[in-house]
Amino acid sequence: MAILTFYFLAFSFLCNLSTLPVLTNAVSDCGGSCTTLNDCAGQLICINGKCNDDPEVGTLICRGGGGGGGTCQASGNLTCNGKSYPQYRCSPTVTSSTQAILNLNDFSEGGDGGAPSECDEQYHSNSERVVGLSTGWYNNGSRCGKMIKITARNGKSTTAKVVDECDSVNGCDSEHSGQPPCGYNIVDGSQAVWNALGLDSSVGKVEVTWSFLPDEHQLVCVMSYS
């Protein structure tokens, strides 16, 4: 009887093992599913539920240059709080559907933007649909005042006015509120931009596409969108 009892207990233990959850490595590579920043391997970051290049670090693992037309190579590195960040003086070619990462930015006084916006030396409230562009796209201020169209993955679009540069070269100082240089493919959008696109601003970063509007549409869009 003792032997039978032993085999019964052993069999029950093995059967119960088959019902236990299997522990797996949650770290994902490019394109892998993710819900938190820790779900992605190496320097990748979770964007729209998928592991992708981190625009702040400037990794080129997944895209090899960021898409949107052409590649952009780092021109140097800037060390900030013991961490090295690539510096970019270029951005991918602007097309009718330019791929970018939309960041949440506060352009008001005391906000993320630090100093007043470069284009007009003014602060802008969170209720204004305004954006800053990476250094290459900003193009020495030639895009100041331009209206752009931004489209999110949910299909919603909105327009916004370019008022600032998302500096891809300089950072880690008071002018930039201590923040490191931007990536090469960043559109910094105000809370109003995120609201108009129906996006959850707590995410902080999402993939979008954008384009410049024709000059003849610039004033019309300013007046027709609330």
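Counting begins at 1 with the first residue of the sequence.
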The residue among Val193, Thr209, Thr98 that forms side-chain contact (heavy atoms from CB on, under 4.5 Å) with Ile150 is Val193
Which of Val130, Leu133, Val187 passes side-chain contact (heavy atoms from CB on, under 4.5 Å) with Val162? Answer is Leu133
Item to check | Whether over 12 other heavy atoms sit under 6.0 Å from Arg143 CZ | outcome: yes
Applied to residues 145-164, the ring-ring contact (aromatic ring centres under 6.0 Å, His included) test, sequence neighbours excluded, yields none
Taking the side chain as everything from C-beta on, heavy atoms only, tell me whether Ile101 gets closer than 4.5 Å to Val206.
no
Among all residues two or more places apart in sequence or in another chain, which pass the side-chain hydrogen bond (donor to acceptor under 3.5 Å, both in side chains) test with [X]?
{"X": "Gln191", "answer": "Asn195, Ser201"}
{"X": "Asn77", "answer": "none"}
{"X": "Ser190", "answer": "none"}
{"X": "Ser96", "answer": "none"}

N/O donor-acceptor pair under 3.5 Å between [X] side chain and [Y] backbone:
{"X": "Ser91", "Y": "Asn185", "value": "no"}
{"X": "Ser117", "Y": "Tyr123", "value": "no"}
{"X": "Ser134", "Y": "Ile186", "value": "yes"}
{"X": "Arg129", "Y": "Lys161", "value": "no"}

Working to the nearest 0.5 Å, report the span between [atom1] of [X] and [atom2] of [Y].
{"X": "Asp106", "Y": "Asn126", "atom1": "CG", "atom2": "CG", "result": "4.5 Å"}
{"X": "Tyr138", "Y": "Cys182", "atom1": "OH", "atom2": "SG", "result": "12.5 Å"}
{"X": "Thr135", "Y": "Tyr88", "atom1": "OG1", "atom2": "OH", "result": "12.0 Å"}

Closest heavy-atom pair, Ser157 versus Thr151, reported as atoms and distance to 0.1 Å, is OG-OG1, 2.8 Å
Are Gln87 and Ser168 linked by a side-chain donor-acceptor pair shorter than 3.5 Å?
no
Hits for side-chain contact (heavy atoms from CB on, under 4.5 Å) against Asn140, two or more places apart or cross-chain, chain-then-number order -> none
For Ser211, the side-chain contact (heavy atoms from CB on, under 4.5 Å) test, sequence neighbours excluded, returns Lys149
Taken in chain and number order and not counting sequence neighbours, the residues that satisfy ring pair (Phe, Tyr, Trp, His ring centres under 6.0 Å) with Trp210 are Trp137, Phe212
